[in-house]
Amino acid sequence: MQPTRRQFVTAATVFAVSHALLPRVGFSQQKKPTRVILLGTKGGPRLGEAGRSNPSTLIMINDVPYVVDCAYGTSKQLIAAGVALNRVRYVFITHHHSDHNLDFGPLLYNAWITGQPTRVDAYGPTGMNQLARDFFNYLKFDIDTRMSDEGRPDPNSLVTAHEVTKPGVVMTNDDVKISACLVRHPPITQAFAYRFDAQDRSVVISGDTTYAPELAEFAKDADVLVHEVMYLPGIDALIQRLPNAKRLREHLMAAHTLPEDVGKIAAQARVKTLVLSHFVPGDDASITDAQWSEGVRKHFKGRVVVGRDLMEI
Ligand SMILES: [Zn+2]
Ligand SMILES: [Zn+2]
């Protein structure tokens, strides 16, 4: 549905007012440090029972939230991390597996229903625009009702989707430069890692990838690299438990990274801190932190953090 002129004007006015209210201050003494908070650390779309939510990572730059990936549960995890949903401003999707985008639409909806004061800019591979529109269409009855009954703006007018189709700089603003690297996650061809270069810190999120030397180049000298990880003995145990999982092992081996290779990437990139996240399998509580990091440490001598939900780095 096309927004009416009144709705456009309303949205534009809200946007202008909210920007006018932002204090215009010098950067140096007012900047807030860049924070990285793991919202969900369990790789894959199944809902786990071992206390890990599905993948999402929050980067707070000068107190503005940047949400990277939106698996099921992202809205609740944002609230748990202390971020009100009407503050959502930037969303990044690494690739279109559902453990990275299932709650993209719901997050936009939740921001809208919480009264977001500015538009959301959403970045990700081809299909971002359609995901947003299709989700609003899925909820057409509710949205139309609330627009006429409660006088809400059209949520379509509050989302700008940007499709990332090649590596390079994705966006810049006064606080951060964000760039994308094409990683290796077959059979998906558009799978990206994102790098956030803020004034005080640089943070790289690997997305889903098998061993990709180009990612080491992309993450060169980063302060923090959040990398996915897969533990082979855990995979074999998982396959035993799941029915119809014959091809799953093949997919996992081709598309994800073993601890030794994560260590190689971190060492080649010379990052300061390596954070393991997107654990596969992420719901096997018998795998210890030492087991997750043992292979990594064979190659990487820096700081290794075995991620947990809501951990801040
Ligand atoms: Zn994934
Ligand atoms: Zn994936």
Side-chain angles (χ1 to χ4, degrees), residues 36-59 67-75 77 91-107 122-128 131 163-165 167 180-194 203-212 214-215 218-219 225-232 234-235 238-239 242 245 247-259 261-262 265 274-284 287 292 306-309 311:
V36 180
I37 298 161
L38 307 178
L39 298 181
T41 57
K42 178 200 170 294
R46 280 182 305 106
L47 300 186
E49 292 164 9
R52 291 189 190 274
S53 294
N54 302 71
S56 182
T57 306
L58 170 66
I59 303 175
V67 179
V68 183
D69 285 328
C70 299
Y72 183 84
T74 295
S75 298
Q77 290 299 90
V91 178
F92 292 80
I93 302 290
T94 57
H95 65 294
H96 287 312
H97 267 142
S98 66
D99 56 323
H100 298 258
N101 70 13
L102 189 59
D103 264 8
F104 173 58
L107 180 62
Y123 300 81
T126 306
M128 292 296 290
L131 275 180
E163 302 201 334
V164 179
T165 55
C181 168
L182 195 61
V183 290
R184 304 182 188 189
H185 192 48
I188 291 176
T189 53
Q190 286 188 354
F192 295 104
Y194 292 112
V203 179
V204 176
I205 312 286
S206 73
D208 284 10
T209 182
T210 190
Y211 175 68
E214 55 274 26
L215 179 59
F218 180 69
L225 168 62
V226 180
H227 202 296
E228 69 126 275
V229 66
M230 174 172 72
Y231 184 65
L232 199 51
I235 296 300
L238 172 76
I239 303 283
L242 286 180
R247 292 192 56 203
L248 183 60
R249 189 179 197 275
E250 237 171 86
H251 159 76
L252 292 173
M253 292 303 288
H256 295 281
T257 311
L258 295 170
D261 288 334
V262 177
I265 294 289
L274 169 66
V275 181
L276 302 179
S277 188
H278 194 287
F279 295 93
V280 177
D283 53 0
D284 184 340
I287 307 172
W292 282 113
V306 179
R308 295 206 177 281
D309 286 13
M311 180 185 266

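Counting starts at 1 for both ligands and their atoms, following the listed order.
- Counting only protein atoms, the N, O or S atoms lying less than 2.8 Å from the Zn ion (ligand 2) are H95 NE2, H97 ND1, H185 NE2, D208 OD2, ordered by chain and residue number.
- When the ring-ring contact (aromatic ring centres under 6.0 Å, His included) test is applied to H97, the partners found at least two apart in sequence or on another chain are H95, H185, H251.
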So T257 and T209, side-chain contact (heavy atoms from CB on, under 4.5 Å) or not? Walk me through it. CA-CA 6 Å; T257 311; T209 182; 4.2 Å; yes
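- Listed by first then second residue, pairs satisfying salt bridge (charged side-chain N to carboxylate O under 4.0 Å, His left out) with a partner in residues 37-47 read R46-D283, not counting sequence neighbours.
- Residues passing the ring-ring contact (aromatic ring centres under 6.0 Å, His included) test with Y123, sequence neighbours excluded: F92, H162.
- Considering only heavy atoms from C-beta on, V262 comes within 4.5 Å of L276 through its side chain.
- Taking the Zn ion (ligand 1) as reference, the nearest N/O/S atom within H278 carries the name NE2.
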Can you list the steps and then say if I188 with H96 is a side-chain contact (heavy atoms from CB on, under 4.5 Å)? CA-CA 8 Å; I188 291 176; H96 287 312; 5.8 Å; no
